[in-house]
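Structure first, commentary second.
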Amino acid sequence: MLKIYNTLTRKTEEFQTLEPKRVKMYVCGVTVYNDAHVGHAMSAIVFDIIRRYLIYRGYEVKFVMNYTDVDDKIINRAKQLGEEPLKLSQRYIDDYANDLKSLNVLPATANPQVSQAMPLIIKFIEGLIEKGYAYAAQNGDVYFRVTKDADYGRLSNRKLDDMQAGARIEIGEQKDHPMDFALWKAAKAGEIFWESPWGKGRPGWHIECSAMNLAELGEQIDIHGGGNDLIFPHHENEIAQTESYTGKEFSRYWMHNGMLQLGGEKMSKSLGNIVSIKEFLSKRSADVMRMLVLNGTYRAPLMFNDETLDAAERNIERLKSALKPASASSSGINADTLSASIESAKKNFTEAMDNDFNTAGAVASLFELSKSINTARDNGATNEQLSPAQSAFKELAGVLGLKLEDKQGSSEKDAEVNALIAERTEARKNKQWKRSDEIRDQLKEMGVTIEDSKDGTTWKWN
RNA sequence: GGCGUCGUGGCCAAGUGGUAAGGCGAGGGUCUGCAAAACCCUUAUUCACGGGUUCGAAUCCCGUCGACGCCUCCA
């Protein structure tokens with residue numbers, strides 16, 4: 001039985017879908033105005049793992065992730081660069097899609113964009129005004145009336161009275177209540193705008209997700225996800241908007257990932273302590289990033305530093321070792337123990353993942369299976385005997401989104417390495433250890449690790 | 001100040017009432033010309049601290065201290 005921690009109830013609950021074996025899932029994507037960083041990668045990976053596991057458990061998953069391509073920061077950045085805002089955002093959308101692909105994140109079922117959802121958004125706002133949940137101000141802004149929504153604050157568990165102290169009203173805003181938030185913002189001179197019943201303007205941040213959710217997945221969904229920094233105000237306001245509009249419960253489960261920590265602080269664009277996804281991938285593999293996430297708890301802060309990354313890298317190498325073929329001289333063993341360990345790994349894997357996606361536990365089951373496989377190989381198992389366990393191993397690793405592939409080099413480089421290996425093999429045959437070790441050092445310099453065995457020498461790019 | 005998450009070995013981290021998973025690191029060993037990888041052994045009488053409940057608590061309750069996040073744009 002799958003259990004999920006629900007931010008809304010602050011409890012771990014049994015997972016029950018609206019429709020049998022179908023999951024409607026919406027995850028808040030990014031605002032596209034510069035390179036995405038590894039914190040975004042963490043979030044994307046977390047929900048990718050959740051999605052993959054739901055599929056593994058037999059659910060059909062509709063997975064929607066939006067792009068915020070209309071926003072103050074995009075407008076400012078575009079102005080700086082002298083570029084059209086929508087061109088700039090499109091550039092970063094393509095860019096982020098590439099990042100996600102590099103990270104082995106499955107493509108979403110749909111990627112709606114704000115700029116293409118204006119009619120929906122306007123209709124949504126009109127509906128809210130009709131029902132008295134929103135009002136147009138003199139200046140052309142439209143605000144959501146929080147006092148009309150009796151439930152307001154239930155996701156983030158805060159009361160309007162407590163919030164007012166910190167609330168502020170910008171100059172020019174004409175709100176009835178300080179916590180009222182913008183559904184529509186009147187365009188300032190020279191800004192990108194869309195025509196609306198309230199004049200030229202653009203949507204507020206929260207309304208897009210409500211509108212696109214409705215359009216893509218309907219009035220009610222199973223899972224709504226995002227970083228825990230979105231709980232308030234973004235998700236709180238989404239609930240307010242959607243439930244006021246439809247009169248129905250919006251999402252059954254609200255899931256939030258913890259923040260990636262760099263130097264004891266949240267990694268964020270505003271703090272500037274950023275490592276971009278591209279920068280990361282130029283140094284380490286997508287599997288390493290994923291393993292870092294898997295080693296932790298998705299809801300907790302995740303430590304991002306050389307020590308945790310080195311450990312993740314070693315973990316990947318260790319898992320890869322399970323996929324190595326049998327030795328050429330293997331003569332077979334009694335494979336009963338190995339068969340049993342497949343079953344136990346699958347069981348432990350599922351038990352861990354069923355418990356609110358306990359990926360650290362799931363990975364532990366992979367380590368155990370990998371140990372069984374390696375032991376069997378050391379004891380002389382044949383490839384035929386290893387194969388079922390290795391297949392199961394690959395399947396489970398795949399559910400976590402791990403590729404466990406070796407790095408590829410160019411064919412010229414490979415040829416160069418092979419030539420050196422051949423020379424070293426010859427030297428070793430003649431017991432010229434000095435020469436043989438020189439070549440090994442040379443290969444190391446080139447980024448090649450070699451392993452000698454009785455079957456010969458194998459090597460790979462680091 | 002309010003709300004929330006959490007404090008487990010050198011590090012990352014499971015475990016949420018029945019007596020501390022897993023990984024990294026470290027030490028020893030097997031294998032190897034030497035390595036590397038793999039495998040084997042060792043590495044927390046103890047779970048921030050102080051009370052309490054219980055036959056029994058890392059796990060439940062109360063208090064204290066500390067960390068992180070949100071309360072303003074943020075995955």
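Heavy atoms only: backbone and side chains are in, while hydrogens, waters and symmetry mates are out.
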Look at all strands and tell whether [X] reaches a base, only sugar-phosphate, or nothing, counting heavy atoms closer than 4.0 Å.
X	result
Gly225(A)	nothing
Glu451(A)	base
Lys431(A)	nothing
Leu230(A)	sugar-phosphate
Ala364(A)	base
Gly29(A)	sugar-phosphate
Arg158(A)	base
Lys324(A)	sugar-phosphate
Arg424(A)	base
Thr458(A)	nothing
Leu292(A)	nothing
Asp310(A)	nothing
Gly226(A)	sugar-phosphate
Gln261(A)	sugar-phosphate

Could you tell me if [Y] and [X] have a donor-acceptor pair between their side chains, going purely by distance under 3.5 Å?
X	Y	result
Asp336(A)	Ser339(A)	no
Tyr26(A)	Asn66(A)	yes
Thr382(A)	Ser330(A)	no

Are any of [X]'s side-chain N or O atoms less than 4.0 Å away from OP1 or OP2 of [N]?
X	N	answer
Tyr5(A)	U5(B)	yes
Asn355(A)	G15(B)	yes
Lys266(A)	A75(B)	no
Arg318(A)	A38(B)	yes
Asn295(A)	A13(B)	no
Arg10(A)	U5(B)	no
Asn257(A)	A75(B)	no
Asn358(A)	G15(B)	yes

Return all side-chain donor-acceptor pairs below 3.5 angstrom for residues 255-265 of chain A, not counting sequence neighbours, or 'none' if the list is empty.
{"from": "His256(A)", "atom 1": "ND1", "to": "Thr7(A)", "atom 2": "OG1", "distance (Å)": "2.7"}
{"from": "His256(A)", "atom 1": "NE2", "to": "His235(A)", "atom 2": "ND1", "distance (Å)": "2.8"}
{"from": "Asn257(A)", "atom 1": "OD1", "to": "Ser43(A)", "atom 2": "OG", "distance (Å)": "2.9"}
{"from": "Asn257(A)", "atom 1": "OD1", "to": "Gly227(A)", "atom 2": "N", "distance (Å)": "3.4"}
{"from": "Gln261(A)", "atom 1": "NE2", "to": "Gly264(A)", "atom 2": "O", "distance (Å)": "3.3"}

Got a list of side-chain donor-acceptor pairs under 3.5 Å for residues 390-398 of chain A, not counting sequence neighbours?
{"from": "Gln390(A)", "atom 1": "NE2", "to": "Ala322(A)", "atom 2": "O", "distance (Å)": "2.8"}
{"from": "Gln390(A)", "atom 1": "NE2", "to": "Lys324(A)", "atom 2": "O", "distance (Å)": "3.0"}
{"from": "Ser391(A)", "atom 1": "OG", "to": "Ser387(A)", "atom 2": "O", "distance (Å)": "2.9"}

Notebook entry, point to check: Considering Watson-Crick and G-U wobble pairs with both distances under 3.5 Å, what does G10(B) pair with?
Noted result: C24(B)
Checklist line | Contact nearer the 5' end of RNA chain B, comparing Ser321(A) with Met303(A) | finding: Met303(A)
Check: Between His37(A) and Asn157(A), who's closer to the 5' end of RNA chain B by nearest nucleotide?
Finding: Asn157(A)
What interatomic distance, in whole Å, is found between [atom1] of [M] and the corresponding atom of [N]?
N	M	atom1	answer
A48(B)	U59(B)	P	8 Å
U8(B)	U30(B)	C1'	33 Å
U5(B)	A37(B)	P	42 Å
U64(B)	C6(B)	C1'	16 Å
G51(B)	G29(B)	C1'	48 Å
G69(B)	U43(B)	C1'	35 Å

Notebook entry, point to check: When rounded to the nearest 0.5 angstrom, what is the spacing between CG in Asp414(A) and CH2 in Trp461(A)?
Noted result: 6.0 Å
Item checked: Point-to-point distance, once rounded to the nearest 0.5 Å, from CD of Gln241(A) to CD of Glu236(A) -> 11.0 Å
Next item on the list: Flag as yes if Trp433(A) stacks onto the base of G33(B) (centroids under 5.5 Å, planes under 30°), otherwise no.
Entry: yes
Note to self: Any donor-acceptor pair, under 3.5 Å, between the side chain of Asn228(A) and the base of G4(B), if you only look at N and O atoms?
What the structure shows: no
Item checked: Polar side-chain contact Arg428(A)-G33(B) base: donor and acceptor under 3.5 Å -> yes
